[in-house]
Amino acid sequence: MATLSVLASPAYFSKQQAIHHYKYEAPFPVHEHYQPQLISCKNRGKEMAEKSHQEGHPTKAFGWAARDHSGVLSPFNFSRRATGEKDVAFKVLFCGVCHSDLHMIKNEWGISSYPVVPGHEIVGQVTEVGSKVEKFKVGDKVGVGYMIGSCHSCDSCHDDLENYCPEVILTSGGKYHDGTTTYGGFSDIMVADEHYVVRIPENLPLDSGAPLLCAGITVYSPLRFYGLDKPGMHVGVVGLGGLGHVAVKFAKAMGVKVTVISTSLKKKEEALEHLGAHSFLVSRDPDQMQAAAGTMDGIIDTVSAAHPLFPLIGLLKTQGKLVLVGAPVKPLELPVFPLIMGRKIVGGSSIGGMKETQEMIDFAAENNITADVEVIPMDYVNTAFERLAKADVRYRFVIDVGNTLKI
């Protein structure tokens with residue numbers, strides 16, 4: 001069977017993290033197109049962190065940071081920039097814990113610059129706005145997701161797809177316009193350009209709403225873009241974790257028939273009884289897979305570990321779409337002939353632009369969609385990461401920053 005290697009290319013690997021004078025040997029095969037985006041930040045990391053500390057952001061801040069690839073977090077004093085004319089400053093109340101945070105604190109993608117203050121599912125209350133801010137006022141409930149900047153001049157930015165901008169600036173571990181390292185939401189305060197701030201509707205709980213800023217938009221965007229949002233369609237969701245469980249909720253709210261696809265029968269009751277999926281499929285059961293062959297309009301694959309794609313492609317109807325939103329470190333094998341013979345598509349998707357992220361949050365509020373979360377204190381975060389590495393969470397950790405971050 002003819003196959004292609006599918007390489008992970010999530011939004012985390014952005015040009016703003018690259019040092020073009022050094023070649024980075026990635027821990028997995030990398031197409032030459034992505035080499036500039038995956039160059040190690042080690043040589044510049046210390047310099048950037050030092051600049052951020054010493055040159056003078058005037059606002060004192062406090063959070064928890066990882067200092068090396070052990071990934072162990074501990075209290076960390078740093079500073080934020082002063083609130084600029086287009087900036088929104090807010091007190092952080094809750095911050096979700098994403099699997100990509102685990103990759104970043106351990107430098108598993110080879111792009112981390114220490115110290116790393118993780119966190120990109122950040123919600124809180126506005127404390128100050130700049131003189132030219134138009135959309136927010138003091139007291140508003142707001143959120144910041146995976147990015148806090150982009151070039152505003154490329155085709156992607158013009159098309160409200162800032163997440164695909166070559167110069168996208170990550171909320172944590174990125175390089176801001178002034179050359180300083182960006183620090184995420186495991187901290188007491190945030191400052192961000194209003195363009196990258198989302199309004200949180202009053203009826204959306206902040207704790208269980210926070211993960212939607214990453215997990216929610218990661219599954220909402222491909223459902224919309226690939227046209228898998230039409231009532232009566234049949235969509236499969238692979239993996240019932242932090243991404244998968246909200247994919248089920250969004251797809252159901254769109255009127256789609258949802259089948260959860262899992263390697264384990266033990267999640268069947270959870271999928272059907274708690275989340276309300278219409279059916280459940282064990283991917284390791286050949287009889288079940290054969291019976292479901294050719295029945296799905298599309299599949300949202302949320303799995304971030306290596307797994308076979310061939311059985312999933314077999315579930316698709318002619319012209320069906322398999323969309324990958326997980327980010328396996330190792331390349332996956334992609335069988336070509338089943339795609340050719342069924343005119344099937346394998347695609348990818350990474351978070352969403354700011355316009356779509358606000359749309360997603362509003363849709364979630366209108367349809368009472370939140371993540372299933374375990375709220376934890378800040379000093380539990382290292383244990384939480386250990387549990388997350390073992391998939392021991394149902395389904396997302398959220399840190400109660402406002403009440404438990406102690407200086």
To the nearest 0.5 Å, what is the distance between CD1 on I313 and CE on M341?
14.0 Å

With no hydrogens and no angle check, do the side chains of T171 and Y196 hold a donor and an acceptor under 3.5 Å apart?
no

Side chains of P311 and S283, heavy atoms from C-beta outward: is any pair under 4.5 Å?
no

Would you mind reporting whether Y146 and L170 have side-chain heavy atoms less than 4.5 Å apart?
yes

Between the side chains of Q358 and D362, is a donor N or O closer than 3.5 angstrom to an acceptor N or O?
yes

So C214 and R396, do their side chains get closer than 4.5 Å, heavy atoms only?
yes

Check the surroundings of atom NZ in K268: do more than 12 heavy atoms from other residues, nucleotides or ligands lie under 6.0 Å from it?
no

Can you tell me how far NE2 of H120 sits from CG of D101, rounded to the nearest 0.5 angstrom?
5.0 Å

Reported OG-to-NZ distance for the pair S113 and K175, which is rounded to 0.5 angstrom:
10.5 Å

Is it true that a side-chain atom of D188 and a backbone atom of F62 form a donor plus acceptor pair closer than 3.5 Å?
yes

Which pair of heavy atoms, one from I122 and one from G184, lies closest together, and at what distance?
CD1-C, 4.3 Å

Judged by atom type as modelled, is there a donor-acceptor pair below 3.5 Å linking the side chain of K141 to the main-chain atoms of G124?
no

Inter- and intrachain pairs under ring-ring contact (aromatic ring centres under 6.0 Å, His included), touching residues 200-232, at least two apart
Y220-F250, Y220-F363

What distance separates D379 CG from S74 OG, expressed to the nearest 0.5 Å?
12.5 Å

So, F76 versus Y183, ring centres under 6.0 angstrom or not?
yes

Got R387 and V97 here, is their nearest side-chain heavy-atom distance under 4.5 Å?
no

Side chain of N382, backbone of L73: donor and acceptor closer than 3.5 Å?
yes

Verify side chain to side chain contact (heavy atoms under 4.5 Å, CB included) between V116 and S172, making sure each step is shown before the conclusion.
CA-CA 7 Å; V116 173; S172 171; 4.0 Å; yes

Could you go through the side chain to side chain contact (heavy atoms under 4.5 Å, CB included) check for M296 and T259 one step at a time?
CA-CA 9 Å; M296 299 182 187; T259 294; 3.9 Å; yes

Can any side-chain N or O of Q125 pair as donor or acceptor with the backbone N or O of G139 at less than 3.5 Å?
yes

Of all the heavy-atom pairs spanning I399 and P377, show the shortest one and how long it is.
CG2-C, 4.2 Å

Could you pull out the closest heavy-atom pair between L324 and D301, with the gap in Å?
CD2-OD2, 3.4 Å

When rounded to the nearest 0.5 angstrom, what is the spacing between OG in S279 and CD1 in I261?
8.5 Å

Per the side-chain hydrogen bond (donor to acceptor under 3.5 Å, both in side chains) rule, which among D178, D87, T59 passes with R81?
D87

Considering only residues two or more places apart or on different chains, which pairs with a residue in residues 371-407 satisfy ring-ring contact (aromatic ring centres under 6.0 Å, His included)?
H245-Y395

Please determine whether side chain to side chain contact (heavy atoms under 4.5 Å, CB included) holds for the pair V144 and V197, giving the CA-CA distance in whole Å, both sets of side-chain angles, and the decisive distance to 0.1 Å.
CA-CA 5 Å; V144 167; V197 178; 4.2 Å; yes

So do the side chains of K60 and N77 get within less than 4.5 Å of each other, counting heavy atoms only?
no

Short question: side chain of H103, backbone of W109 - any donor-acceptor pair under 3.5 Å?
no

CG (D155) with more than 12 external heavy atoms under 6.0 Å
no

For E121 and C98, what are the C-alpha separation, side-chain angles and deciding distance, and is it a side chain to side chain contact (heavy atoms under 4.5 Å, CB included)?
CA-CA 8 Å; E121 299 173 345; C98 179; 3.9 Å; yes

Can you name the residues that form a side chain to side chain contact (heavy atoms under 4.5 Å, CB included) with H195, not counting sequence neighbours?
H152, E162, D193, M354

Could you report the tightest heavy-atom contact between E374 and V393, atom names first, then the distance?
OE1-CG2, 4.5 Å

Could you state the interatomic distance from CZ (R284) to OG (S264), rounded to the nearest 0.5 Å?
8.0 Å

I'd like to know if the side chain of D159 reaches the main chain of L161, judged simply by a donor and an acceptor atom lying under 3.5 Å from each other, with no hydrogens or angles considered.
no

Do you know which two heavy atoms are closest between F78 and G63, and how far apart they sit?
CE2-N, 3.8 Å

Would the number of heavy atoms belonging to other residues, nucleotides or ligands and lying under 6.0 Å from NE2 of H177 be above 12?
yes

Which of K135, K137, K86 passes salt bridge (Lys or Arg N to Asp or Glu O under 4.0 Å) with E194? It is K86

Write down the atom of I376, the atom of T404, and the distance for their closest heavy-atom approach.
O-OG1, 4.5 Å

Does any part of the side chain of R199, heavy atoms only, come nearer than 4.5 Å to the side chain of I361, both counted from C-beta?
no

Are L334 and L339 side-chain neighbours, meaning at least one heavy-atom pair lies under 4.5 Å?
yes

Close side-chain approach of C165 and M147, heavy atoms under 4.5 Å
no

Are any side-chain N or O atoms of D400 and backbone N or O atoms of V375, one a donor and one an acceptor, separated by less than 3.5 Å?
no

Is a side-chain N or O of K249 found less than 3.5 angstrom from the main chain of T370, in a donor-acceptor match?
yes

One thing to verify: whether D297 and K257 come together as a salt bridge, which I'm taking to mean a side-chain N less than 4.0 angstrom from a carboxylate O.
no

